[in-house]
Amino acid sequence: MLLVVLPPIVLLAFDISLETIGDAPGIEVPAAAAELGGALFATAFLAGLLGVFQVVGGTEPDRRLVVCGYQPWEILSARLLTIVAASALVATLVYATFRWLSDITPQAPVLVIGALLVAAVTYGLLGVIIGSLIGRELEGSLILVFLADFDAFAALGVIPMDSDIIDYVPLAHPHAMLESAVHDGTVATGDLAVAGTYVVVLAVIALLAVRIRGETI
Amino acid sequence: MTDVSASGSLARIRAVAMVGGRDVYRDPVLVGLLLVIPAYFVGAWGMIVPDQEFPADIATADGTATLTVPFPELMTTLIAPVTAALLVGITGLFIVQRSAAVDRRLTVTGFRVSELLAARFVILATITVLVVSIVTAVAYLHLTPEHLSWFVLALALAAGTYGAVGALVGLLVGRMAGVYILLFVPMLDILLLQSPMADPDDWIRWLPGHHATELALSAAFASDVATGHVVPAVLMLFAVSGIAILANVIR
């Protein structure tokens with residue numbers, strides 16, 4: 001229940017926080033940046049944590065499933081389906097909250113929810129990888145939290161940065177997709193291609209991680 | 001009789017704290033993360049922000065002054081308490097969650113709730129000292145605080161306060177929801193809402209990180225530290241800890 005209630009609260013918190021810092025000299029907060037950033041991070045990081053907790057919490061059942069003859073990719077697919085289903089619900093709620101908070105009417109609502117889902121799947125896969133390789137909730141959570149917090153502020157662009165690294169953080173391209181879906185009603189092919197590549201590469205790594213875990217548990 | 005009871009109580013606190021501490025230091029991944037994460041997080045932010053100067057409202061002994069400060073140093077001053085708060089907060093959440101079942105059994109065997117709370121406090125305080133030491137060392141790569149001891153105290157207060165917040169959150173919600181809350185709260189509180197470049201509203205003064213962040217900024221940049229933030233920051237720590245203890249006793 002909390003996982004349905006919390007994401008809209010996160011979006012609201014981003015809205016209030018960025019309204020405060022948006023007046024600072026040298027800091028530019030574009031229109032609807034707070035709501036867009038809040039929507040993206042609320043959805044993506046929930047999926048990431050779901051990935052970590054699903055994999056770590058599912059160690060015992062997964063072990064029995066492997067013994068029963070299930071393949072690692074089947075287990076990974078089931079976990080991902082759960083994450084995607086939960087993310088779709090959260091993305092819809094977050095989108096509704098965005099519409100309520102923001103004066104901007106998204107040009108392409110389906111693409112907006114699609115961009116949120118791409119972000120969620122990216123972080124869901126990252127969560128699965130971290131959960132598989134680390135195998136512990138506390139340690140997995142710490143890694144995900146510090147990756148996510150760095151990603152959030154790098155992608156958001158409200159803190160001046162002087163590095164190309166911000167173009168390569170996992171949410172950089174889903175964030176660009178979300179912005180163009182809201183403002184222009186389109187998604188740039190380049191952003192979609194890079195975000196898609198991220199998902200495919202992370203899915204392969206997640207499969208390998210689940211396979212390694214299946215062999216070691 | 002009282003001395004015997006007191007020494008017995010101390011022995012029980014020591015036993016629980018030792019066992020809990022062993023759980024931490026026998027976990028090489030956790031110890032490694034407590035060492036590596038501050039290096040990555042504080043170190044990275046100090047490197048990727050532009051080497052420019054920005055005006056910032058810094059608390060001094062004579063009131064708030066607008067000082068022009070290098071942005072990497074300013075970011076390091078803000079990121080250091082965020083890092084300490086996140087690490088200790090999330091660890092506090094897990095300590096409470098993991099110890100719930102064990103503590104229930106220990107209570108049945110005669111341990112008092114106060115003894116168990118004291119033991120958990122010792123573990124969290126030790127982790128706070130470790131985290132603050134590492135964060136301070138890494139922060140030194142980008143920042144030489146004007147007043148190191150006050151800066152360290154500010155980090156400890158931010159970390160301790162969020163450790164108590166983490167313990168409270170751990171008592172109220174599940175692990176995943178708790179981590180999700182802690183993922184955002186210290187970052188929004190300390191990094192954005194307490195930013196000395198912004199013009200904050202009055203309600204921001206009541207957030208857990210306000211006084212500790214003001215003290216950290218003052219210790220880093222002011223020639224005379226605004227020590228007036230120490231007592232409110234300590235009171236905030238006690239208030240949040242008190243609420244967490246009360247919630248634990250009720251549970």
Side-chain angles (χ1 to χ4, degrees), chain A residues 1-7 9-11 13-14 16-27 34 38 41-42 45-46 48-50 52-54 56-57 127 133-150 152-154 156 158-166, chain B residues 27 29-30 32-34 36-38 40-41 44-45 47-56 71-72 75 78 82-83 86-87 89-91 93-95 97-98 172-189 191-201 203-204:
Chain A
M1 183 62 189
L2 277 172
L3 297 177
V4 176
V5 175
L6 286 175
I9 295 174
V10 167
L11 208 166
F14 262 87
I16 294 167
S17 304
L18 288 185
E19 192 179 312
T20 301
I21 199 165
D23 300 332
I27 294 193
F41 310 140
F45 300 157
L46 180 68
L49 284 175
L50 265 173
V52 171
F53 281 78
Q54 279 249 329
V56 177
L133 296 180
I134 300 295
R136 295 186 179 111
E137 287 178 344
L138 170 57
E139 292 81 347
S141 299
L142 285 175
I143 293 174
L144 191 88
V145 163
F146 278 89
L147 180 66
D149 273 338
F150 185 84
F153 285 88
L156 197 57
V158 296
I159 294 172
M161 290 194 196
D162 188 18
S163 171
D164 293 336
I165 197 169
I166 58 172
Chain B
D27 185 346
V29 180
L30 178 59
L33 286 175
L34 292 176
V36 169
I37 283 176
Y40 142 70
F41 206 58
W45 276 106
M47 282 192 286
I48 63 172
V49 294
D51 194 11
Q52 297 170 5
E53 295 196 328
F54 284 89
F71 198 54
M75 273 303 289
L78 290 170
V82 169
T83 308
L86 277 169
L87 280 171
I90 293 172
T91 310
L93 182 149
F94 274 83
I95 284 176
Q97 291 260 334
R98 280 178 175 176
L172 299 177
V173 299
R175 283 181 201 184
M176 198 176 122
V179 174
Y180 189 70
I181 291 169
L182 286 171
L183 194 156
F184 292 105
V185 175
M187 200 67 152
L188 293 176
D189 174 10
L191 186 59
L192 286 188
L193 290 169
Q194 310 299 342
S195 170
M197 295 161 70
D199 184 19
D201 296 329
W203 62 269
I204 285 163

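Basis for what follows: all heavy atoms, side chains included, without hydrogens, waters or symmetry-related copies. Lettering follows sequence order; numbering is per chain, from 1.
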Hey, could you give me the [atom1]/[atom2] distance between [X] and [Y], rounded to the nearest 0.5 Å?
X: A:E139; Y: B:L34; atom1: CD; atom2: CG; answer: 8.5 Å
X: A:F45; Y: B:F184; atom1: CZ; atom2: CZ; answer: 5.5 Å
X: A:L147; Y: B:Y40; atom1: CG; atom2: OH; answer: 5.5 Å
X: B:Y180; Y: A:L6; atom1: OH; atom2: CG; answer: 6.5 Å

Sort A:A13 into side chain, backbone, both or neither according to what part of it lies under 4.5 angstrom from a heavy atom of chain B.
-> both
Chain B contact via A:I9 - which portion, at a heavy-atom distance below 4.5 Å = neither
Indicate yes or no: at least one non-hydrogen side-chain atom of [X] is less than 4.5 angstrom from one of [Y].
X: A:L138; Y: B:L33; result: no
X: A:F150; Y: B:I48; result: yes
X: A:L46; Y: B:M176; result: yes

Among B:V82, B:L183, B:L191, B:T83, which one satisfies side chain to side chain contact (heavy atoms under 4.5 Å, CB included) with A:D149?
-> B:L183
Which residue, B:V179, B:I37, B:L87, forms the side chain to side chain contact (heavy atoms under 4.5 Å, CB included) with A:V145?
-> B:V179
Kindly determine whether A:V10 and B:L188 satisfy side chain to side chain contact (heavy atoms under 4.5 Å, CB included), including the steps that lead there.
-> CA-CA 10 Å; A:V10 167; B:L188 293 176; 5.7 Å; no
